[in-house]
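As the structure lists them, so they are numbered: ligands from 1, and atoms in each ligand from 1.
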Amino acid sequence: MKITEEVTDAIAEGRPVVALESTIITHGMPYPQNVETARAVEDDIRAGGAVPATIAVLEGEVCAGLTEEQLEALGQAKNVAKLSRADIAHCVASGGTGATTVAATMIGARLAGIEVFATGGIGGVHRGAELSFDISADLQELAKTPVSVVAAGAKAILDLKKTLEVLETLGVPVITMGQDQFPAFWSRRSGLPSPLRADSAREVAASHVVRGQMGLDGGQLVANPIPVQAEISADELAPVIAEALAAAEAQNIAAKAVTPFLLDRIFHATEGRSLTANIALVRNNARLAAEIAGEIAGIRANSRG
Ligand code: PSU
Ligand code: MN
């Protein structure tokens, strides 16, 4: 594993660090907005008093913290592998390069000693999963790996009701910030009640620490609604999503290709507005994650006396 000096020092000194994923750069957004967003998100985290650590596998090494050049190269690269729990070790062993999904980023974060991770939206249970069995490995990872993941809910292309059911079965706390409804990525509302609610970063940090003290496996999903001014209403998106799903089915898109295909389709159908919203929500999540990481660092420092 290769951890930058800045990240190593911050962890050693108990200062807040926030992990970031790289699949959002390679598969989630087009170039150059992907690299611009990756930089902006790192700046947001620094402005919030934490150190950013973007995670990726580069030539067989799990990296925590990327240089400007590495970010740029990843953002321009074509056909980068999309790594999850199933394939990250194989990529490392074969000296390969790949972008980490939420699941693989949680694994990298834990290896580096990072407890908080900011992203856009997690993967979940796809619509029609009762036939396709397409359920993201992100959900299992949340059940196993002790990292709090800040996301704007799960993408509205998924079956959010089934996603929440699976998270409950797996024992993953789903904590929505400042509202009673679980958010739906581009929209603030999903129509579904959130299992838990918090109104401050401090509360989220406290439950993260208590879970660890109780020896409970796994992390937390912190659902942070997209800012009001950036949201696209669920009503407006519904037909766009329906069209994208129909196209995916007609073209036999399966497995890892599904999520990137749908995101790209929705990007074109909304003339880029879905991307503008995506950027706003990721940055909003980065700011909250920095705050949560700061609160966790504060709690740990106090308990050491
Ligand atoms: N959120 C985004 N864009 C993305 C993703 C999430 O705004 O590209 C990625 C994440 O890396 C997530 C992955 O882990 O999609 C889920 O893919 P799948 O459904 O194949 O598990
Ligand atoms: Mn899948």
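- Between Lys82 and ligand 1, a contact under 3.5 Å exists for at least one N or O pair.
- When the heavy atoms of Gly123, Gly121, Ser136 are ranked by distance to atom 21 (O) of ligand 1, first place goes to Ser136.
- Between Glu231 and Arg189 there is no salt bridge, since no side-chain nitrogen of the basic residue lies less than 4.0 Å from a carboxylate oxygen of the acidic one.
- Ligand-side atoms of ligand 1 in range of Asn278: 7 (O), range being under 4.0 angstrom from any heavy atom.
- Within the set His27, Lys155, Lys256, the minimum heavy-atom distance to atom 5 (C) of ligand 1 is found for Lys155.
- Less than 4.0 angstrom separates some heavy atom of His126 from each of these atoms of ligand 1: 19 (O).
- Only the side chain of Asp138 comes within 4.0 Å of ligand 1, judged by heavy-atom distances.
- Restricting Asp134 to its N, O or S atoms, the one at the least distance from the Mn ion (ligand 2) is OD1.
- If you number the atoms of ligand 1 from 1 as listed, the ones under 4.0 Å from a heavy atom of Thr101 come out as 11 (O), 14 (O).
- Contacts of Val258 with ligand 1, taken as heavy-atom pairs under 4.0 Å, are absent altogether.
- At least one N or O atom of Thr259 sits closer than 3.5 Å to an N or O atom of ligand 1.
- Ligand 1 has an N or O atom lying under 3.5 Å from an N or O atom of Glu21, backbone or side chain.
- Of all heavy-atom pairs spanning Trp186 and Leu263, the tightest one is CZ2-CD2, 3.8 Å.
- Among the atoms of Ile122, none of the N or O lies under 3.5 angstrom from an N or O of ligand 1.
- Atoms of ligand 1 found under 4.0 Å from any heavy atom of Phe185 (numbered from 1 in listed order, with element): 7 (O).
- A donor-acceptor contact shorter than 3.5 Å is absent between the side chain of Lys82 and the backbone of His27.
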